[in-house]
Amino acid sequence: MDDKKVRVRYAPSPTGFLHIGNAQSALFNYLFARHFNGTMVLRIEDTDTKRNVKDGEASQRENLHWLGIDWDEGPNKPNPKYAPYRQSERNKQGIYHKYIQELLDKGLAYKDYSTEEELAEMRERQRANNEAPHYDGRWYGKSEEEQKAAEAKGLKPTIRFHFPKNHDYEWDDIARGHVSFNSDNLGGDFIIEKSDGMPTYNFAVVVDDHSMDITHVLRGADHISNTPKQIAIYEALGWEHPTFCHIPLIFNPKTRKKLSKRDKDTLQFISEYKKHGYLHEAIFNFIAFLGWSPVGEREIYSKDELIKVYDPNRMSKAPAYFDQKKLDWMNAQYIKSMSVDELTDRTMELVKEGETEEAQRLQSIPEDQLKDLIKKTIHVHQRDVNKLLEVIEYVWDYYNVLNAHFNYDLIKDNEDFANSDVLAVLTGLKEKLENGADDYNQAIKEVGKATGIKGRGLYFPLNLAFTGSTSAPQIYEIMDIYSRDTDIELLKRMIDALQA
RNA sequence: GACCCGUUAGUCAAGUGGUUAAGACACCAGCCUUUCACGCUGGUAUCGUGGGUUCAAAUCCCGCACGGGUCACCA
């Protein structure tokens, strides 16, 4: 790509947990780094002290790890040349302040003593006049006396970057092509240091990306309009900016807007997918196809294959709508291709973690029995289940089958089935079981032959007897999940109910 | 309101001037199966719209419409 060694970064702010959008951004940076044999950096952008959440960073790391995304440098893997990796720590070291001072000295930045109320009022007035909200530069070029006077009132200044007039900021975006903004349309001089002494995002990223030798910045398209501001800083400091790549946003198909943490109808967080029993391989694969696609028709790719075929020039521009059904399909594909033993282990793990009610209630089952039950259940349901949580639900149903209440009226009131036929099937099978038949499949077939009942007439009653539902997978395999006594008991119950 | 950006089927999408406009999800139909599911086969688009340019346009240009992103002492 470049003669320089590729260095990319994923830089979350720990104000929330890893959601789909974060994951997408992390994933493309990861693919980029691995494809070009570069370095992946994890940087924590925690300059918003008010909004940081306690476990935000830990959650980000944990879920990234689960997804199969790792990094070469970060808070836990510091490279002395670039550490530290948290902006709060970098700020303490004066990294940002040094450059703020430089801009101040060059007259490219200035102090602003406006209060938040004044600024809010200004914006409100502009809105009322149908103007674009912007900072009007009221503190630009003020004298030292005026600053001192404000200081005497106890006001703490912010520091703003001063835009040159009518200056174009442009760049060639890997995903978007050539993009250009004029300095007059950027909302006026913007804050680079808050009154609490913390740098703002648009300033800190520039300093960090530069001082960490980041060569390529891959981030969400919502950052496009931040980019000219950042380029302005690069120029002011005499630095070269990295290559940008703005990844298409992920949209909620319901709201037709950027996926928001507040959208309740879509699972937002990677941790939710994990606890519902989505496989990390499937999530990785799926997210990689949100905003990008390889040449050809294939859609199922392992992580290593994706690293190999990843081509940043194939990033799309249009936003991607999040399609839950397609994810479910993809997850099902992965489930079908995985061994029963592997799936059993993963399901056991889900139960142990107990992140859902369904998983928790299985914890009361002795481990050996549980494992056996899970294995048998997967054997039956591997072909029709989308996620492991469904397996967990089935396991519970099968475990509790004798306590469950089945609605036999489903067949009693159904005109398609003669009561006498149903009874013939049930009693026929019951007798076979009592006489020691072990091949359940064979036994069912024999009952069919003996009674002359076939198809739905044969299986519908059995499905109902053993699962309480009229459609079920291979019924002889489900019979095998239960003990023979349970099987007989279930048949007997239904017979009694129909005769009553 | 201003500035940027996007627009191929319900969804993800391939496609870079000449294709029968790939493929996948979902949906529908059929086949397989003594049920269900899996699987298999088939079906569904005048490429937002109006104008250009060209022998030829989904592909290039312009207008319009629609959609989105951003305009914070959030990142």
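Sequence lines set the chain letters: A, B, ... in the order given, protein chains first and strands last, and positions in each chain run from 1.
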Q. So which nucleotide does B:rU19 pair with, by the Watson-Crick or G-U wobble rule with both distances under 3.5 Å?
A. none

Q: In whole angstrom, give the distance that lies between atom OH of A:Tyr321 and atom P of B:rC66.
A: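 Going from A:Tyr321 (OH) to B:rC66 (P), I get 15 Å.
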
Phosphate-side-chain proximity, [X] and [N], N/O vs OP1/OP2 below 4.0 Å:
X        : N      : answer
A:Arg123 : B:rC73 : yes
A:Lys326 : B:rU11 : no
A:Lys194 : B:rC74 : yes
A:Arg314 : B:rG15 : yes
A:Ser293 : B:rA14 : yes
A:Thr47  : B:rA75 : yes

Q) Parallel, tilted or perpendicular: which describes the rings of A:Phe163 and A:Phe190, with under 30° parallel and over 60° perpendicular? A)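 A:Phe163 vs A:Phe190 ring planes: tilted.
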
Q: Spell out yes or no: do the side chain of A:Thr158 and the base of B:rC73 have one donor N/O and one acceptor N/O closer than 3.5 Å?
A: no

Q) Ring of A:Trp329 versus six-membered ring of B:rC25: centres under 5.5 Å and planes under 30°? A)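 No, A:Trp329 does not stack on the base of B:rC25.
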
Q) For the side chain of A:Asp112 and the backbone of A:Trp139, is there at least one donor-acceptor N/O pair under 3.5 Å apart? A)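 No; zero donor-acceptor contacts below 3.5 Å.
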
Q: Please report the closest heavy-atom contact between A:Leu306 and A:Ala288, naming both atoms and the distance.
A: CD1-CB, 3.8 Å

